[in-house]
Amino acid sequence: MFAAAAAARSSQSVPRRWPQNFRLFRWFFKESPELTMQQTTKSYATEAVVDLNDAYKCVRLEKLPPETLSINRELVQKMYKEMATIRRLETVANAMYKEKIVRGFCHLYTGQEAVCVGINSAMRPTDHLITAYRCHGWCHVMGIPPYEILGELAGRESGCQRGKGGSMHMYCKRFYGGNGIVGAQVPLGVGVGLALKNEAKGNVCVALYGDGAANQGQIFEAYNIACLWRLPVIFVCENNEYGMGTKMNRSSCSIEYYTRGVPLPGLYVDGMNVFAMRNAAQFAIDFVQENGPIIIEAHTYRYFGHSMSDPGTSYRSRDEVTEKRTKHDPILYLKQVAIAKGLITEDECKKVDDEVKKEIQANAEKVKKDKEIKPEELWADVYMECKEDGIRDTIGIRHKHFRVGKTMEKDNIKLKSFKPDEKIEPKGIPTEILEGEAQMEAIKETQAVPKAKSKEDSTEKSKPYKK
Ligand SMILES: Cc1ncc(C[n+]2csc(CCOP(=O)(O)OP(=O)(O)O)c2C)c(N)n1
Ligand SMILES: [Mg+2]
């Protein structure tokens, strides 16, 4: 693979970036073949072919993904509904945050929908995925219902993690979150890739990170080990051009993120084009099983600020955002191409928009009436299996570990050589386990300890564990 990759690399020309690459987005302009076709209110086709010629660039790859993609009504309708749902979900999350129903961190995905919908549409039901904190769209496509996403955002017991995770920490089977530490999910994704390689069933793991995270050391360590061990990992850099308030070219010596994993092959994809994303993901899923990891850079854009506390206008102009929204919007693109190809009508899109709006609004209203969990439940569901005698909190009290939430099915990764861990016997730490009200009492008791007067008192009273 490497000889071929080296040969391919030497024949690469240095590609230009998005803003200069006008051809890449010609579909948005009048001269686009798709858009000059008469837009009809009647859909008449069941299948069509989309030209993706300009959506890719590559490095160290012998061939690009196919230049065309065959799409049908069912696929287009599913994609449209998913993208419309994510867009509405984020609009409602934004409103609920402003109403102070959603608290804490909240990073909206609006503008980036084509990346998650396109990639997910190519994934098999047995593939795995891990991402960072900008995860609501991913949660939806990986199978968490909107009601549970909104419930989680609002900290209600109806949330997918019973309100204990919030915006950045949502999970479901084969989906490992939702991670708040920039870049930290990438080595974890490589770990999942290692397990999948050992399992030897041909499944892959998609590990996502942002353009800001792309400069971290751990990303390169992850590339290295994944490449050395030929792990079935698809690294996806969701390049939305900003890391918080910093434009990519102010933080990165090279903004060609797909080229940066020497000797890994890389693929640049127009991340506002859901069909290109699907095609690239299909290509990558096949590729990594044979050859080991690949990097995909999905060039996208976020419409809102970094998080709810950032209006997103101090480091970029309003005109820039407006231009992206009006000329490069991923939902508009899908809609225009699908209408032009006769796969969907304006009326059908409107119907989906209305249904989605109604459904998400109803979910939001329901969530607002839902309860929060009781404080005792904070110690529940921490582990799949608790191997110690209870769990310790930050002040050293042991609590009984119990399950309350939906039992997440044990992951379907079954290693050939898997041996369960020995039971861990904790040493030198108290083993008394408190339950329910008793544990709340114990906390109050600890908090009520008066401030130490002397040095001896201080050592005695600040002992972390209750005897
Ligand atoms: C290790 C670490 N450093 C810094 C932060 C603070 N931080 C949160 S998001 C962020 C920017 C990341 O940007 P990018 O990777 O491009 O992701 P995006 O927000 O654009 O999706 C930073 C620096 C953090 N959470 N973790
Ligand atoms: Mg970014």
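Side chains included, hydrogens not; waters and symmetry mates left out as well; all remaining heavy atoms used.
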- Nearest heavy-atom pair of His306 and Asp310: which atoms, and what distance? N-OD2, 2.6 Å

- Shortest non-hydrogen separation from Arg174 to Pro125 and the atoms involved: NE-O, 2.6 Å

- Item | Close side-chain approach of Met79 to Val274, heavy-atom, < 4.5 Å | yes

- Validation row: Lys63, Phe283 side chains within 4.5 angstrom (heavy atoms): yes

- Task: Without swapping roles, check the side chain of Asn179 against the backbone of Thr131 for a donor-acceptor pair under 3.5 Å.
- Result: yes

- Is there a donor-acceptor contact under 3.5 Å linking the side chains of Tyr315 and Thr246? no

- Hey, are Lys351 and Asp354 close enough for a salt bridge, meaning a charged N less than 4.0 Å from a carboxylate O? no

- Rounded distance [0.5 Å steps], CD1 in Ile255 versus CZ in Arg250: 13.5 Å

- List the atom of Ala122, the atom of Ala281, and the distance in Å for their closest heavy-atom pair. CB-CB, 3.7 Å

- Query: Which of these passes side chain to side chain contact (heavy atoms under 4.5 Å, CB included) with His299: Tyr268, Tyr258, Tyr257?
  - Reply: Tyr268

- Item | Thr259 and Ser254, any side-chain heavy atoms less than 4.5 Å apart | yes

- Item | Check: Arg156 side chain, Lys368 main-chain N or O, donor-acceptor pair, under 3.5 Å | yes

- May I have the step-by-step check of side chain to side chain contact (heavy atoms under 4.5 Å, CB included) for Tyr109 and Leu89, ending in yes or no? CA-CA 10 Å; Tyr109 195 69; Leu89 201 55; over 6 Å; no

- Is the Tyr301 to His328 ring centre distance short of 6.0 Å? no

- Of all heavy-atom pairs linking Pro330 and Gly111, the shortest is CG-O, 3.4 Å

- Task: Could you tell me whether a side-chain N or O of Glu238 sits under 3.5 Å from a main-chain N or O of Tyr209, the two making a donor and an acceptor?
- Result: no

- Query: Just how far is it from atom CG of Leu378 to atom CZ of Arg162, taken to the nearest 0.5 Å?
  - Reply: 11.5 Å

- Item | Residues Glu348, Arg73: salt bridge by 4.0 Å N-O rule | yes

- Message: Taking Ser251's backbone N and O only, do any of them form a donor-acceptor pair with Asn215's side chain (distance below 3.5 Å, no angle check)?
- Response: yes

- Shortest non-hydrogen contact between Ala114 and Gly271, atoms and distance: CB-O, 3.5 Å

- Message: Distance alone, cut at 3.5 Å: any donor-acceptor contact between the side chains of Asn72 and Glu47?
- Response: no

- Task: Walk me through it: do Asn239 and Thr300 pass the test side chain to side chain contact (heavy atoms under 4.5 Å, CB included)?
- Result: CA-CA 6 Å; Asn239 174 11; Thr300 180; 5.8 Å; no

- Under 3.5 Å, is there a donor-acceptor pair between the side chain of Glu157 and the main chain of Ile373? no

- Message: Within this structure, what is the OG-CD distance for the pair Ser158 and Glu148, rounded to the nearest 0.5 Å?
- Response: 8.0 Å

- Donor-acceptor contact below 3.5 Å, side chain Gln289 vs main chain Ile285: yes

- Message: Using 0.5 Å steps for rounding, measure from the SG atom of Cys349 to the NZ atom of Lys81.
- Response: 13.0 Å

- Item | Val233 and Phe235, any side-chain heavy atoms less than 4.5 Å apart | yes

- When you measure from the side chain of Arg124 to the backbone N and O of Gly202, does any donor-acceptor pair fall under 3.5 Å? yes

- Residue that, paired with Leu194, satisfies side chain to side chain contact (heavy atoms under 4.5 Å, CB included) out of Val192, Leu196, Asn198: Asn198

- Does the distance from a Lys or Arg side-chain N to an Asp or Glu carboxylate O, for Glu346 and Lys350, drop under 4.0 Å? no

- Check the surroundings of atom CD in Glu355: do more than 12 heavy atoms from other residues, nucleotides or ligands lie under 6.0 Å from it? yes

- Task: May I ask you to decide if Val404's main-chain N or O and Asp381's side chain share a donor-acceptor pair within less than 3.5 Å?
- Result: yes

- Do Val186 and Gln218 pass the side chain to side chain contact (heavy atoms under 4.5 Å, CB included) test, and can you show the C-alpha distance, the side-chain angles, and the key distance before you say yes or no? CA-CA 8 Å; Val186 180; Gln218 63 179 326; 6.0 Å; no

- Nearest 0.5 Å please: distance from the CG atom of Leu150 over to the CD1 atom of Ile144. 11.5 Å

- Can you tell me how far OH of Tyr80 sits from OG1 of Thr85, rounded to the nearest 0.5 angstrom? 10.0 Å

- Taking the side chain as C-beta and beyond, is there a heavy-atom pair between Leu108 and Tyr303 under 4.5 Å? no

- Message: Closer than 3.5 angstrom, by distance alone: can the side chain of Tyr97 be matched with the main-chain N or O of Gly104 as a donor-acceptor pair?
- Response: yes

- Query: So do the side chains of Val337 and Leu343 get within less than 4.5 Å of each other, counting heavy atoms only?
  - Reply: no

- Is it true that Asp329 and Arg87 have a side-chain N and a carboxylate O under 4.0 angstrom from each other? yes

- Give the ring-plane orientation class for Phe220 versus Tyr223, where under 30° counts as parallel, over 60° as perpendicular and anything between as tilted. perpendicular

- Item | Arg230 (side chain) donor-acceptor with Pro293 (main chain) under 3.5 angstrom | no

- Task: Heavy atoms only: give me the nearest Arg316-Phe304 pair and the separation to one decimal.
- Result: NH2-O, 3.0 Å

- For side-chain hydrogen bond (donor to acceptor under 3.5 Å, both in side chains), just list the numbers for Asp211 and Tyr242, CA-CA rounded to whole Å, side-chain angles, deciding distance to a tenth of an Å, and then say yes or no. CA-CA 7 Å; Asp211 47 295; Tyr242 293 89; over 6 Å; no

- Does the separation of the ring centres of Tyr176 and Tyr171 fall below 6.0 angstrom? no

- Without hydrogens or angle criteria, can the side chains of Glu82 and His140 be said to hold a donor-acceptor pair below 3.5 Å? no

- For residues Lys357 and Thr91, determine if any side-chain heavy atom of one lies less than 4.5 Å from a side-chain heavy atom of the other. no

- Message: If the threshold is 4.0 Å, N to carboxylate O, is there a salt bridge linking Lys374 and Glu377?
- Response: no

- Looking at His107 versus Tyr133, is the centre-to-centre ring distance below 6.0 Å? yes

- Between Thr68 and Asp51, do the side chains contain an N or O donor and an N or O acceptor separated by less than 3.5 Å? no

- Does the side chain to side chain contact (heavy atoms under 4.5 Å, CB included) test come out yes or no for Met142 and Met123, once each step is laid out? CA-CA 10 Å; Met142 290 303 288; Met123 286 171 66; 4.1 Å; yes

- Would you sort out whether Arg260 and Glu256 count as a salt bridge (charged side-chain N to carboxylate O under 4.0 Å, His left out), showing the intermediate values? CA-CA 7 Å; Arg260 292 174 54 176; Glu256 306 289 349; over 6 Å; no

- Flag yes if more than 12 heavy atoms outside Glu365 fall under 6.0 Å of its CD atom; otherwise flag no. yes

- Task: State, with a plain yes or no, whether a side-chain heavy atom of Gln282 is found less than 4.5 Å away from one of Leu69.
- Result: yes

